[in-house]
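The structure under discussion appears below in the form of structure tokens.
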Amino acid sequence: MLNARTAADPHAWLRRQARWSPWEVVFWLATIIPFYFFPTYLTLASQVAVTALFAISVDLVLGYAGIITLGHAMFFGLGAYFAGLLTKTGWGEPLSGLVLAGLFAALIGFLVSFIIVRVQHLALLMITLGLGLLTAELANSLGWLTGGTDGLQGVDVWPIFSRFEFDLWGYTAYAYALIVLFIGVVASQRIVHSSFGLSLRGVRENLTRMPAIGSPYRRHLQIAYTISAGLAGIAGAVLTQTTETVSLDSLSFQRSADVVVMLILGGTGRLYGAILGAAIFMIARDQLSGMNPQYWYFWIGVLLMVVVLVVPNGILGGLSRLVRGRGT
Amino acid sequence: MSEPVLKTESLHKSFGSLEVTRSVSIELPRGARHALIGPNGAGKTTLINLITGQLTPDSGRILLDGADITATPVAARVHRGLTRTFQINTLFPDLTPIEAVTMAVCEREGKASQFWRPLTAHAEAIGEAFEILTRLRLGDDAMRTTRHLPYGKQRLLEMALALATKPKVLLLDEPAAGVPKDESAMLFSVIAALPEDMTILFIEHDMSIVFTFATRIVVLVSGGVLLEDEPDVVRSDPRVREVYLGQAHG
């Protein structure tokens with residue numbers, strides 16, 4: 001296989017790296033299954049889609065740019081509250097709400113990015129953790145605005161295109177979440193396969209070398225962090241619009257930590273790993289908490305250890321290794 | 001001789017009480033092939049770190065084309081044409097050479113912030129990267145993951161990354177470090193084939209290579225310049241002999 005490539009053309013090779021694989025087509029076809037075969041699980045399915053989009057936003061910074069974060073729920077929650085509060089002002093149109101929520105989260109992300117790119121390792125972990133906790137406490141103390149521990153009630157979202165109402169069974173909700181996820185994945189892939197995406201991988205692979213090849217890598221990281229915050233905000237907004245409520249849980253540390261667990265389960269730096277991790281995590285939580293509501297995290301812990309020890313690149317990393325039959 | 005491209009004026013650097021660079025003033029004219037030699041711990045890599053900006057001098061100035069760059073950040077110096085390689089491979093293990101060098105070309109051209117344009121649309125950058133790799137005999141390995149390349153080829157990639165920045169001044173920190181003798185001759189033949197107007201300063205321990213490729217030699221001892229002259233003069237200088245023979249016996 002290696003020999004066959006010796007005379008290969010670099011342009012063609014790079015194009016191949018960005019091409020859709022048949023697996024991706026199969027995957028997206030499979031996302032339609034819940035509509036027909038598991039209609040009782042549509043609510044869970046849309047939660048999986050929302051969480052997957054959130055996980056992808058984290059993958060962009062953690063998996064591609066190598067920025068460790070334990071506070072990304074901050075942007076998810078900001079998007080969720082923004083979308084909820086927007087409907088309370090009397091504007092319930094979902095698509096513009098989604099875009100505005102994303103822009104708001106991106107703006108906050110941009111402001112925060114000035115601190116983020118100045119620190120590394122443990123300090124970075126603490127800063128992201130601290131900012132996440134601060135935001136959650138802020139939302140908690142601003143009860144008049146956010147509803148505090150009761151959550152934000154009375155969110156009224158208009159039908160999509162004034163036509164598709166969010167129904168009780170969750171058909172519209174799942175379709176909506178799925179389409180937003182799809183657009184999110186396509187946009188993320190575009191970013192990942194740009195020259196910018198390549199430079200992000202460069203930062204992750206070797207931070208010391210980047211300035212030595214003339215890279216303003218801090219600016220790259222700021223852009224990546226801003227985009228990621230916006231995407232997380234959009235995910236949060238979808239959750240608000242499909243559930244018509246916002247709780248403090250959307251800003252919680254638990255959410256920030258869970259999403260990192262999902263990425264490690266599915267595999268970082270490959271987008272679909274984020275989706276797979278989110279699906280496994282959410283479905284496992286649903287099934288296991290049905291058996292024993294208190295101890296379900298025990299099994300996630302077991303799974304996490306098995307994955308880290310057996311397939312360090314995550315489940316998708318392990319699978320792609322199996323399929324290709326060699327380590328790349 | 002014409003105006004020097006790179007010039008240092010009495011550079012000083014101390015780590016605590018240890019003076020690692022003492023009043024170093026050197027000049028590199030355009031197209032220079034200077035060697036920087038000296039025993040271990042003489043401060044050769046520190047000097048390169050100071051010139052390229054990884055370290056900040058305590059005092060003294062660095063001039064590139066007559067402009068003071070003493071306070072200029074590393075990346076900005078690279079954009080002005082001052083690039084280095086590293087003694088210990090400083091590569092991107094999970095990228096392929098074509099990806100890494102294309103990235104360096106895009107960074108040079110200021111195209112690396114374009115997050116909406118596919119990488120493959122930068123066809124010229126990819127072409128240039130492949131041309132550099134081919135010139136450095138890495139064409140056949142351009143699409144292999146860097147971590148799987150043999151060590152000698154990784155040394156070549158180290159140089160390819162630097163060349164992608166289109167340097168006016170290239171500082172090579174032991175380009176052949178850890179490479180077997182026959183391969184290091186190959187590495188230096190690549191260096192010898194670089195454009196004549198590129199100004200090069202290289203650190204190298206193998207004296208036969210130094211005397212073959214250098215037109216001038218700077219001898220650094222205990223952080224200070226002991227001597228700077230043509231190879232024949234340096235070779236016969238008793239102080240240099242003492243430093244090196246003393247090293248050999250110590």
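Just so it is clear: chains get the letters A, B, ... in the order the sequence lines come, proteins before strands, and each one is counted from 1.
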Is any side-chain heavy atom of A:Arg209 closer than 4.5 Å to one of B:Phe92?
yes

Any side-chain heavy atom of A:Thr208 within less than 4.5 Å of one from B:Phe86?
no

Nearest-0.5 Å distance that lies between atom CD in A:Gln17 and atom OG1 in B:Thr96
7.0 Å

Looking at B:His122, B:Glu109, B:Glu107, which one forms a side-chain hydrogen bond (donor to acceptor under 3.5 Å, both in side chains) with A:Ser195?
B:His122

Under 4.5 Å to a heavy atom of chain B? For A:His220 that would be side chain

Let me know if B:Leu161 has heavy atoms under 4.5 Å from chain A in its side chain, its backbone, both or neither.
both

Flag the one option from B:Gln114, B:Gln54, B:Glu99 with the top tally of heavy-atom pairs under 4.5 Å to chain A.
B:Glu99

For each of B:Lys111, B:Met103, B:Arg147, B:Arg80, tally heavy-atom pairs with chain A at distances under 4.5 Å, and name the one with the top tally.
B:Met103

Rounded distance (nearest 0.5 Å) linking atom CZ of A:Arg190 with atom CG of B:Leu119
12.0 Å

Return yes when atom CH2 of A:Trp23 has more than 12 non-hydrogen atoms of other residues, nucleotides or ligands closer than 6.0 Å, and no otherwise.
no

Greatest number of non-hydrogen atom pairs under 4.5 angstrom with chain A, of B:Thr52, B:Leu91, B:Leu82, B:Leu133, falls to B:Leu91

Got more than 12 heavy atoms from elsewhere within 6.0 Å of OH, A:Tyr217?
yes

With a 4.5 Å limit on heavy-atom distance, are the side chains of A:Ile223 and B:Ser113 in contact?
yes

Using the rule given for side-chain contact (heavy atoms from CB on, under 4.5 Å), can you reason through B:Arg117 versus A:Ser194, listing the C-alpha separation, both sets of side-chain angles and the distance that settles it, and then say yes or no?
CA-CA 6 Å; B:Arg117 195 156 169 234; A:Ser194 68; 5.7 Å; no

Quick one: does any side-chain atom of B:His79 pair with a main-chain N or O of A:Gly214 as donor and acceptor, under 3.5 Å?
yes

Do you know the tightest heavy-atom contact between B:Ile126 and A:Pro10?
CG2-CB, 4.2 Å

Check each atom of B:Thr146 against the heavy atoms of chain A and say whether the ones under 4.5 Å are side chain, backbone, both or neither.
neither

Flag the one option from A:Arg201, A:Arg15, A:Arg204 with the top tally of heavy-atom pairs under 4.5 Å to chain B.
A:Arg201

Let me know if A:Ala224 has heavy atoms under 4.5 Å from chain B in its side chain, its backbone, both or neither.
neither

Can you tell me which portion of B:Ala142 sits under 4.5 Å from chain A's heavy atoms? Options are side chain, backbone, both or neither.
neither

Ranked by heavy-atom pairs below 4.5 Å to chain A, first place among B:Ala121, B:Ala76, B:Ala123, B:Ala125 goes to B:Ala123

Work out which heavy atom in B:Thr120 is nearest to a heavy atom in A:Leu14; give both atom names and the distance.
CG2-C, 3.8 Å

Of the backbone (N, CA, C, O) and the side chain (C-beta and beyond), which part of A:Leu200 lies under 4.5 Å from a heavy atom of chain B, both, or neither?
neither

Over 12 non-hydrogen atoms of neighbours within 6.0 angstrom of CD in A:Glu24:
yes

Can you tell me which portion of A:Ala212 sits under 4.5 Å from chain B's heavy atoms? Options are side chain, backbone, both or neither.
both

